[in-house]
Each structure stands twice: as structure tokens, then as C-alpha cells.
There are 2 protein chains.
Amino acid sequence: MLFTEKIKELRIQNQMPQRQIAAALDIDTATYCKIEKGERKAKKEQVAILSEMFHVEMTDLLTLWLADKVTDMVSDEHVVASEALSMAAENLRRIG
Amino acid sequence: MLFTEKIKELRIQNQMPQRQIAAALDIDTATYCKIEKGERKAKKEQVAILSEMFHVEMTDLLTLWLADKVTDMVSDEHVVASEALSMAAENLRRIG
DNA sequence: CTATCTTTGCCAAATAATGTCAAGACAAAA
DNA sequence: TTTTGTCTTGACATTATTTGGCAAAGATAG
């Protein structure tokens, strides 16, 4: 599940219009619309606010959010993408 | 092995001063120095030039380069980092 | 049709990335 | 010790990318 799909799902479940979410994030409705469609990336603080609004664990949303960012980054380089991900995981183990 | 380590190793093996590499990349020596120390990220075109200079496969360097970028991105979020990497790998399989 | 919600395109503001310059650190050679 | 060449660092400039607002246009329900 993608971050963008998840926040839309949560918003619908809670029966909230984009306008309400946008207000909480202190941004324009149009901007939030773009976040939900993946045309803009949310900031970390915005993810925090979203997890509060929807009563879900911050780490859950944060994981999806980060995964989306990484996917976006590597999908420009499909040839080496998956190997690079493996290496990055390895790097994490070594460094922290 | 990190990208930064690799290009330094290759440069030393070929007995080239940073000045020579910087000239080929059309940047200041100081900038190349930072790239080698990881304080600046190389652009993709620069990676291409480096692989030519050192006579190594472009994809080899590109993989290291991308892995470094990903590592850098996720290491800010160590709590969710490795799970996000798994998800990103999964996303790649699904999307492409 | 009207009202509300959502989406899109274009431009402005803010932020981050990239590069330069000048000066300093360091080592080897003269 | 002075010189020479290489590498490194920090402050600043430039450029590129990201983020946001505004206005107008779809879409959908009442």
C-alpha cells in the first residue's frame, strides 16, 4: 500500500473532506489534493499531523511515506534500482 | 563499499590528482574534493564521466552512487528505515 | 441550477543543492 | 626554511527543485 493511497483511505473512512485536512495542515486545499495524488510530497511534520488526525501510529504512516520517497528516487534508475536498495540496506546494517 | 570510497580508490589506482578529475567534470577542485568526501553528491552525468575516465562499467558506479543516495535519505529515519527499504523493493516489483 | 468537493495549470515564494573563491593545512622536495 | 603541489574547509553566490497560493474548471450530489 502506498502512502498516498493510505491517507486517502483514512480520510474517507473518517468522512473528512480535503478542506478539513488542508486546514489542519495549514495549506491550501489544492496543495493537499496534490499530496493525496502524489504530485507533492508531504513534509515530515505534516505526516505527524495526519497520524494524529486519523488516530494511527506515526511510525506506520512514516514508513509508507519514506517508502514512497525511496521508490520515487530509485525508479528513475530501474536498471540498478533493486541492487542499490540491497546495498542501502547493507549500508544501514553497517553504519546504523 | 561506498561510492565515495570507490571513486577515491579508482583515482589513486590511476594516479590522478583531484585537479585532473575536476577538470574533466568541469568543476572546481574544491567541489570535487567535497564529492569525494561525500559532502556533495555527484550528478548522474558526472558519474558517467567518472566511469569513462576510470574505465569501469557505468552501471557499477551508478549502483554505488544510487545506494549512497538512498542510504543518505533513509538514515535520517533510522526507526523505520529498513522496513521502508523493504517496502520500496516491493513497490518496485509491483510498479516496475 | 446551486452548492460543495476535488482537480488542474500557472506563477510566486521558499528551500535545498551545487558551485566558486579565498585561505589554510599538509607533505615532499629544493 | 622556503617552495611547490595537493587536498581540505568555510563563507558566500548561484541555480535548481520543491512547495504553496490563486483562479478556474471538472465532477458530484441535492
Side-chain angles (χ1 to χ4, degrees), chain A residues 2-51 53-54 61-62 64-77 84 88, chain B residues 2-51 53-54 61-62 64-77 84 88:
Chain A
L2 299 175
F3 174 76
T4 55
E5 295 170 348
K6 185 65 178 178
I7 60 176
K8 180 168 188 177
E9 178 180 284
L10 288 169
R11 180 175 67 78
I12 302 295
Q13 278 176 7
N14 291 66
Q15 303 187 37
M16 293 168 168
Q18 292 184 337
R19 175 177 46 72
Q20 186 177 345
I21 314 289
L25 298 180
D26 196 33
I27 56 177
D28 196 293
T29 314
T31 303
Y32 177 73
C33 173
K34 286 164 190 165
I35 290 177
E36 206 172 80
K37 306 204 88 196
E39 291 164 26
R40 290 286 188 286
K41 296 191 215 318
K43 298 178 181 175
K44 190 180 174 181
E45 317 88 67
Q46 294 173 328
V47 176
I49 296 174
L50 289 172
S51 63
M53 290 202 83
F54 298 142
L61 279 190
L62 213 53
L64 292 170
W65 169 78
L66 187 56
D68 272 23
K69 286 212 303 180
V70 171
T71 303
D72 196 63
M73 179 172 202
V74 302
S75 56
D76 291 338
E77 307 292 344
Chain B
L2 299 174
F3 174 74
T4 55
E5 297 170 347
K6 186 64 178 178
I7 60 176
K8 180 167 186 177
E9 179 180 284
L10 288 168
R11 181 176 66 78
I12 302 294
Q13 278 175 8
N14 291 66
Q15 302 187 38
M16 294 169 168
Q18 291 184 338
R19 175 178 43 73
Q20 187 177 346
I21 314 290
L25 298 181
D26 196 32
I27 56 178
D28 197 293
T29 316
T31 304
Y32 177 74
C33 174
K34 287 165 189 165
I35 290 176
E36 207 171 81
K37 305 204 88 196
E39 291 163 28
R40 289 286 188 284
K41 297 189 215 310
K43 298 177 183 176
K44 189 181 174 182
E45 316 89 66
Q46 294 172 329
V47 177
I49 296 174
L50 289 172
S51 64
M53 290 201 82
F54 298 141
L61 279 190
L62 213 54
L64 291 171
W65 169 78
L66 187 57
D68 271 23
K69 287 212 301 180
V70 171
T71 303
D72 195 64
M73 179 173 205
V74 302
S75 55
D76 290 339
E77 309 290 345

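What you see is a predicted model, and the numbers here were worked out from it, not measured in a lab. Letters go in sequence order (proteins before strands), and every chain restarts at 1.
A heavy-atom distance below 4.5 Å is found between the side chains of A:L25 and A:L50. For the pair B:Y32 and B:I7, the minimum side-chain heavy-atom distance is below 4.5 Å.
Both A:K41 and B:M16 lie close to DNA chain D; mapped to their nearest nucleotides by heavy-atom distance, the more 5′-ward contact belongs to B:M16.
Residue A:I35 comes nearest to A:A42 through the heavy atom pair CG2-CB, 4.1 Å, listed as atom of the first residue, atom of the second, then distance. Closest approach of B:Q46 to B:I27, counting heavy atoms only: NE2-CG2, 3.9 Å.
For the segment residues 19-34 of chain B, residues with any heavy atom less than 4.0 angstrom from an atom of DNA chain C are, sorted by number, B:I27, B:D28, B:A30, B:T31, B:K34.
For B:A24, the side chain to side chain contact (heavy atoms under 4.5 Å, CB included) partners at least two apart in sequence or on another chain are B:I49, B:M53. For A:A88, the side chain to side chain contact (heavy atoms under 4.5 Å, CB included) criterion is met by B:V70, B:T71, B:L85, not counting sequence neighbours. Here A:A23 pairs with nothing under the side chain to side chain contact (heavy atoms under 4.5 Å, CB included) rule; sequence neighbours left out. When the side chain to side chain contact (heavy atoms under 4.5 Å, CB included) test is applied to B:A67, the partners found at least two apart in sequence or on another chain are A:A84, A:M87, A:N91.
Protein chain B touches strand DNA chain C; the 5'-most and 3'-most nucleotides with an atom under 4.0 angstrom of its non-hydrogen atoms are C:dT18 to C:dC21. Chain B approaches DNA chain D within less than 4.0 angstrom (heavy atoms of the protein), and the contacting nucleotides run 5' to 3' from D:dT6 to D:dA11.
For residues 65-77 of chain A, the salt bridge (Lys or Arg N to Asp or Glu O under 4.0 Å) pairs, not counting sequence neighbours, are A:K41-A:D72, A:E77-B:K44.
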Could you pull out every donor-acceptor pair under 3.5 Å between side chains of residues 9-18 of chain A and any protein atom, sequence neighbours left out?
from, atom 1, to, atom 2, distance (Å)
A:R11, NE, A:E36, OE2, 2.7
A:R11, NH1, A:M16, O, 3.0
A:R11, NH2, A:E36, OE1, 3.0
A:Q18, NE2, A:E36, OE1, 3.2

